[in-house]
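Bear in mind the structure is a predicted one, so any value in this text is a computation, not a measurement. Chain naming here is simple, since letters A, B, ... match the order of the sequence lines and numbering starts at 1 in each.
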Amino acid sequence: MTTATASHDNHDDHGHHGPAKGIMRWVLTTNHKDIGTMYLWFSLTMLFIGGTMALIIRSELFQPGMQLIEPEFFNQMTTMHGLIMVFGAIMPAFVGLANWMVPLMIGAPDMALPRMNNWSFWILPFAFGMLLFTLFTEAGAPNFGWTFYAPLSTTYAPSSVTYFIFGVHMMGISSIMGAINIIVTILNLRAPGMTLMKMPLFVWTWFITAYLLVAVMPVLAGVVTMMLMDIHYGTAFFDAAGGGDPVLFQHVFWFFGHPEVYIMILPAFGIVSQIIPTFARKPLFGYASMVYATSSIAFLSFIVWAHHMFTVGLPLQTELFFMYATMLIAIPTGVKVFNWVSTMFRGSMTFETPMLFALAFVVLFTIGGFSGLMLSIAPADFQYHDTYFVVAHFHYVLVPGALFGIIAGVYYWLPKWTGHYINENLGKFHFWMSFIGVNVTFFPMHFIGLAGMPRRIPDYALQFADFNAIATVGAFIFGFSQLIFLFVLIKTIRGGEKATDQVWEGAEGLEWTIPSPAPYHTFAEPPHVK
Amino acid sequence: MNSNSPQPDEQSGHKPNNTALKLVIAAVAMFGFGFALVPLYDIFCEITGINGKTGGPVERVEQWVDTSRTITVQFITTNNAGMPWEFEALQEEVEMHPGAWTQVKFWALNPTENDMVGQAVPSVSPSEAAEHVQKTECFCFDQQTLKAGEGREMPLIFSLSPEIPSHVKKVTMSYTLFDAGAFAK
């Protein structure tokens, strides 16, 4: 048996027993667990920064009229909130979970490209440092919305747009490197006997997500490069005066943007598909159909982008094509929801904190899916477009969808990482506060959206006042509840009831065969999967 | 990919392979594909006929004139934000038979004290009529340079092809004028 592992690097010289000491451990580390931990802390930091921006937005919207901030700053807040949550909180959190769990779930000693892994993490603080510092410049931060439509983001952009472009380039490179690493790890480092169709679903969903990342993050890099050239080098990709077309921006952006939506939800599907069988004490219902459904969703995500653009003046045939293609996504998504529910059917369920978040995910993500179906109806979308109904829709899929998935995953694997169970009472308190907060925040937005309140506007007509006030109260409940999460995390890291190796009674998989807390090096000798 | 899998398995063999390199190439190719989308959208829309853009210039051919139908063609002019020129169509609308050639005139005047370059961008409504608009001459084909205070009549010679769908009774041709100083040729 060969002893070669993927983590033969500098700090292994210190021995295979534990990490190096001091700050340089974190700067130089190539250990998948260290890097996963750094990704997760980074994304939690970004969650709090982006969340603070959300609370600034909601404070201004508590009452009609302008009271707290200038409209220009309001635009910067909506833009930065979106960018930071999408690229800084949700995506790095999933990469962090993948770093921690993919090697453990497939029986690999580390990620396949550990040094690149270090780079892909350490690019991120610089990318977001650059993006955030624009807040303190005279021009102010980017203010053109997270979708940065041209010509708002080119002809009419603040000068800080160039920092934004380079920030996007850097985080794109980071994501692509992370995705390549995950694919190479999954393809090459699986333990003997771990065939593709035996892989845990979290690994499967990440495998597919990584391909999406490799396919579309370069297109995002392309579109911001075109912006850069339009702004500084006199090209006219998006300027009609020079023969370009602003609608082209939207087509190229959403060619990236729609698969991006699935990049932010597929790993959450995977997490939930791990958690529900554990706490229902039944194997996942329809494993193979889950894999095929995820692949179908990934494929369909490439041919639905123009449903974001129903109102730009598309020809009728195009509207119909994108409408039907979009509705088609409901089928594989429905298969997934059906399988989760069937897994629970007649299972011996218990409701520990990770299960509560996973259940809330299934219910609330489905609500977000249904509002998505409403939006997919092209003629109806003319009313919903750019209203709070859209805001309600994508927050339902991203907050109780992606974010609850991440939180569920963190609670699920935290005992394996730290060796301690969480305090269940505190965990449940966090869950219920988050669950109530998220619904009080986002459910009323459906109503004000249908009634016609436009998104990204700091003021609104009087008739929207009550629901906006309710949403703001909900936002503060939700936002401050996340401090409970932080408290639980720190408390569990510092101590708590000792976790068993299997951690959860119904848990199955390679990650539960190693000790809790997981040793610094695992699977130096590959396990055999039956 | 730089490490040997400790044990071969049926999926991945045990030799070092170049998965990472392939993926890097794929990422670089997708960056290129992003730029390729710029012409590809145009080509795709042209092939499928969903472009909504008018082409030209075309050779003037004498074609069959469908005198049984009369279509009203309206002209609309718009100045893009910040474009100070006076810009108008000298006739609000014309009535024409499909297949017949018509000349209309537009007027532009540069009221500023600087020489300027303008570019008009056409648009046709309903979009299904766009592919049936044939232009032999249009001020929108080229940039228009006007000296300070200069005004000019600008011609448009066009026809609607006899194949234009019979339910189209009215066509609106709209021109938006942009300040093209930054792109002057």
Side-chain angles (χ1 to χ4, degrees), chain A residues 1-8 108-110 112-113 116 176 179-181 183-184 187-196 210-211 213-223 225-226 234 236-237 239-245 248 251-252 255-256 313-318 524-526 528, chain B residues 1-14 16-24 26-38 40-42 45 48-53 80-83 117-119 121 123 125-128 130 143 176-184:
Chain A
M1 168 145 315
T2 166
T3 54
T5 73
S7 54
H8 256 305
D110 202 303
L113 307 163
M116 190 166 90
I176 293 166
I180 289 177
N181 211 344
I183 296 174
V184 176
L187 283 181
N188 295 294
L189 293 187
R190 274 171 293 128
M194 177 63 78
T195 58
L196 285 175
Y211 276 107
L213 280 166
V214 171
V216 301
M217 289 310 284
V219 177
L220 174 69
V223 75
T225 307
M226 290 178 210
F237 284 102
D239 191 341
D245 187 346
L248 172 72
H251 276 297
V252 185
F255 186 85
F256 145 79
L314 297 174
L316 181 64
Q317 312 91 301
T318 319
E525 301 211 350
H528 281 267
Chain B
M1 74 103 191
N2 57 358
S3 77
N4 298 330
S5 243
Q7 287 282 298
D9 73 51
E10 60 268 55
Q11 300 294 325
S12 60
H14 53 108
N17 61 47
N18 51 3
T19 320
L21 183 67
K22 284 182 202 154
L23 289 166
V24 170
V28 173
M30 285 308 293
F31 183 72
F33 179 73
F35 283 84
L37 283 174
V38 176
L40 280 178
Y41 277 124
D42 248 0
C45 293
T48 53
I50 55 175
N51 206 336
K53 291 182 185 172
N80 194 46
M83 180 56 166
V117 180
Q119 170 74 55
V121 175
S123 164
S125 179
S127 59
E128 59 190 316
Q143 291 180 341
T176 306
L177 192 65
F178 289 80
D179 178 353
F183 304 102

Inset, instruction - Quick one: which of A:Gly313, A:Ala241, A:Gly222 has the most heavy-atom pairs under 4.5 Å with chain B, could you say? - result: A:Ala241
Legend entry - Which atoms of A:Ile180 approach chain B - backbone, side chain, both or neither, heavy atom under 4.5 Å: both
Inset, instruction - Using the six-membered ring wherever Trp is involved, compare the ring planes of B:Tyr41 and A:His251 and label them parallel, tilted or perpendicular (cut-offs 30° and 60°). - result: tilted
Inset, instruction - Would you mind checking which part of B:Ala27 comes under 4.5 Å of any heavy atom in chain A, side chain (CB onward), backbone (N, CA, C, O), both or neither? - result: both
Legend entry - Partner chain B: residue of A:Gly234, A:Gly244, A:Ala240, A:Gly243 with the largest heavy-atom pair count (under 4.5 Å): A:Ala240
Inset, instruction - Find out whether B:Phe35 and A:Thr225 are in side-chain contact, i.e. whether some heavy atom of one side chain is under 4.5 Å from a heavy atom of the other. - result: yes
Legend entry - Contacting region of A:Phe255 [heavy-atom separation from chain B under 4.5 Å]: side chain
Legend entry - Reported CD1-to-CG distance for the pair A:Ile183 and B:Leu23, which is rounded to 0.5 angstrom: 4.5 Å
Inset, instruction - Answer whether the closest heavy-atom distance between the side chains of B:Thr176 and B:Ser123 falls below 4.5 Å. - result: no
Legend entry - Per-residue contact mode, B:Asp179 against chain A (heavy atom under 4.5 angstrom): backbone
Inset, instruction - Would you mind checking which part of B:Val24 comes under 4.5 Å of any heavy atom in chain A, side chain (CB onward), backbone (N, CA, C, O), both or neither? - result: both
Legend entry - Pick from B:Gln119, B:Lys22, B:Met30 with the largest number of heavy-atom pairs that fall under 4.5 Å of chain A: B:Met30
Inset, instruction - Return the minimal non-hydrogen interatomic distance between B:Leu40 and B:Phe33, and the atom names on each side. - result: CD1-CE1, 3.9 Å
Inset, instruction - Below 4.5 Å from any heavy atom of chain A, which atoms of B:Val121 appear? Answer side chain, backbone, both or neither. - result: side chain
Legend entry - B:Leu37 CG to B:Asp42 CG distance, which is reported to the nearest 0.5 Å: 12.0 Å
Inset, instruction - Identify which part of B:Phe183 has an atom lying under 4.5 Å from any heavy atom of chain A, answering side chain, backbone, both or neither. - result: side chain
Inset, instruction - Check each atom of A:Val223 against the heavy atoms of chain B and say whether the ones under 4.5 Å are side chain, backbone, both or neither. - result: neither
Legend entry - Nearest heavy-atom neighbours spanning B:Met83 and B:Gly118: CE-CA, 4.0 Å
Legend entry - Region of A:Asn181 that comes under 4.5 Å of a non-hydrogen atom in chain B: neither
Legend entry - Residues A:Met217, A:Leu220; criterion side chain to side chain contact (heavy atoms under 4.5 Å, CB included); working and verdict: CA-CA 5 Å; A:Met217 289 310 284; A:Leu220 174 69; 3.9 Å; yes
